[in-house]
Amino acid sequence: MMNRDKNPEIEITADGSATLYLNDLDEHYHSTKGAVAESLHVYVETGWRAAPAKNPVRVFEVGFGTGLNAALTAEAALNAKIPTIYHSVELYPLEPALSGKLGYERVSEFFPAVNNAEWNTEVRVNSFFTLIKRIDNFLTMEFPSQTDIVYFDAFAPEKQPEMWNEDIFRRLFAAMSPGGKLTTYCAKGIIRRRLQATGFIVERLPGPANGKREILRATKPQIQQITPDDKESCDNQAHLVP
């Protein structure tokens, strides 16, 4: 199994839940202001609960990481009785033994099943939640089609700039269903503008309590809008008409 850092450190965040720190990236897997608080607010509450009325709801998580987002979504899906198919990709999977030390089974009974689920295989975690976690390169993989919710949980743009470029957002936009939503903890202006340039309608929303001041939620319009690039292409074609 590939690994980015053989000895990531376990740290306790401000809400009492744990996260991992990667020395080689100088980066944490979750907010130090609260790992569980961030996952619940940014992804489950702002993303999954705002999904279009679909059966099933299709989620694509960019960065499986510790599995916390998936476990909390599995819990929410069962409680709300909303069938959910959850795709997640990770290039550097953590060893389950390490993830198992984070104590996330205390916030979701489904964490052990998510943590130990076989990679590259469809696994039914509960009667309303199906998990497909893939070992793959997000930059080159084919994205799941008709995705309703994207959890964009890559490491920060300063650490992984290749994950946050406009081409990536354009590919995600194309793979999403009309009305689909992308949520991310990163509210930087440059990221917001790249999402808007792709065609998303972007909202700046309050971050989790005691955490980041703002987060972003981007929605693919029900009727696709014409981007500046599309308009220029149309104008050029119009000039060719005799």
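Atom set for the values below is all heavy atoms of this structure, side chains included, hydrogens, waters and symmetry mates excluded. Residue numbers run from 1 in the order of the sequence given. Everything quoted here is computed from the prediction, not taken from an experiment.
Screening Thr183, Ile191, Thr184, Val42 for a side-chain contact (heavy atoms from CB on, under 4.5 Å) involving Phe152 leaves a single residue, Thr184. Tested against His30, the residues Asp15, Leu102, Leu68 include a single side-chain contact (heavy atoms from CB on, under 4.5 Å) partner, Leu68.
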**Asked** Could you go step by step and tell me if Phe60 and Tyr86 meet the ring pair (Phe, Tyr, Trp, His ring centres under 6.0 Å) rule?
**Response** CA-CA 6 Å; Phe60 178 35; Tyr86 192 103; 9.3 Å; no

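Residue Glu214 places its CD atom among more than 12 non-hydrogen atoms of other residues, nucleotides or ligands, all under 6.0 Å distant. A 6.0 Å sphere centred on CG of Asn116 holds more than 12 heavy atoms belonging to other residues, nucleotides or ligands. Applying the 6.0 Å contact sphere to NZ of Lys33 captures no more than 12 heavy atoms from other residues, nucleotides or ligands. Counting non-hydrogen atoms of other residues, nucleotides and ligands closer than 6.0 Å to NZ of Lys101 gives a total of 12 or fewer. Taking a 6.0 Å sphere around CZ of Arg49, one finds it holds more than 12 heavy atoms contributed by other residues, nucleotides or ligands.
No donor-acceptor pair under 3.5 Å is formed between the side chain of Thr19 and the backbone N or O of Ser17. The closest donor-acceptor contact from the side chain of Gln160 to the backbone of Glu162 lies at 3.5 Å or more, if one exists at all. No donor-acceptor distance shorter than 3.5 angstrom exists from the side chain of Ser31 to the backbone of Ala35, with no hydrogens or angles considered.
Separating the CG atom in Asn137 from the CG atom in Leu91 is a distance of 5.5 Å, to the nearest 0.5 Å. Taking OG1 from Thr130 and CG from Asn126, the interatomic distance works out to 8.0 Å, rounded to the nearest 0.5 Å. Rounding to the nearest 0.5 Å gives a distance of 9.0 Å between CG of Asn165 and CZ of Arg171. In this structure, NZ in Lys220 is found 7.0 Å from OG in Ser177, a value given to the nearest 0.5 Å. A distance of 9.5 Å separates CD1 in Ile149 from NZ in Lys54, rounded to the nearest 0.5 Å. In this structure, CG in Asn79 is found 10.5 Å from CZ in Phe128, a value given to the nearest 0.5 Å.
Asp148 has no carboxylate O lying under 4.0 Å from a charged side-chain N of Arg58, or vice versa, which leaves the two without a salt bridge. Between Arg193 and Glu166 there is no salt bridge, since no side-chain nitrogen of the basic residue lies less than 4.0 Å from a carboxylate oxygen of the acidic one. Of the charged side-chain nitrogens involved, at least one lies within less than 4.0 Å of a carboxylate oxygen, so that Arg217 and Glu203 count as a salt-bridged pair.
A continuous path of hydrophobic side-chain contacts links Leu182 to Phe143 [ILVMFWY only; heavy atoms under 4.5 Å]. Ile10 and Phe111 fall within the same hydrophobic cluster, where Ile, Leu, Val, Met, Phe, Trp and Tyr residues are linked whenever their side-chain heavy atoms come under 4.5 Å apart, directly or through other members.
The closest side-chain heavy-atom distance from Met163 to Phe138 is below 4.5 Å. Residues Tyr151 and Trp48 meet the side-chain proximity criterion, which asks for heavy atoms closer than 4.5 Å. Glu75 is listed as a side-chain neighbour of Glu109, based on a closest heavy-atom distance under 4.5 Å. Side chains of Ile190 and Trp164 form no contact here, defined as non-hydrogen atoms less than 4.5 Å apart. Inter-residue side-chain proximity for Leu98 and Leu20 is flagged as met; some heavy-atom pair is nearer than 4.5 Å. When side chains are defined from C-beta on, Leu216 does not count as touching Tyr185, because their heavy atoms never get closer than 4.5 Å. A 4.5 Å side-chain heavy-atom check between Leu131 and Ile85 finds every atom pair outside the cut-off. Contact annotation: the side chain of Ile215 approaches that of Thr46 to within less than 4.5 Å [non-hydrogen atoms, C-beta and beyond].
A donor and an acceptor atom, one from each side chain of Asn69 and Asp153, are located under 3.5 Å apart. No hydrogens or angles considered: a donor-acceptor pair under 3.5 Å links the side chains of Glu11 and His28. Side-chain N/O atoms of Tyr104 and Asn115 include no donor and acceptor closer than 3.5 Å. Checked by atom type, the side-chain pair Ser88/Lys133 shows no donor-acceptor distance below 3.5 Å.
Proximity of the aromatic rings of Phe173 and Phe200 is defined here by a centroid distance below 6.0 angstrom, and this criterion is met.
Minimum heavy-atom separation, Ser108 to Ala71: OG-O, 3.0 Å.
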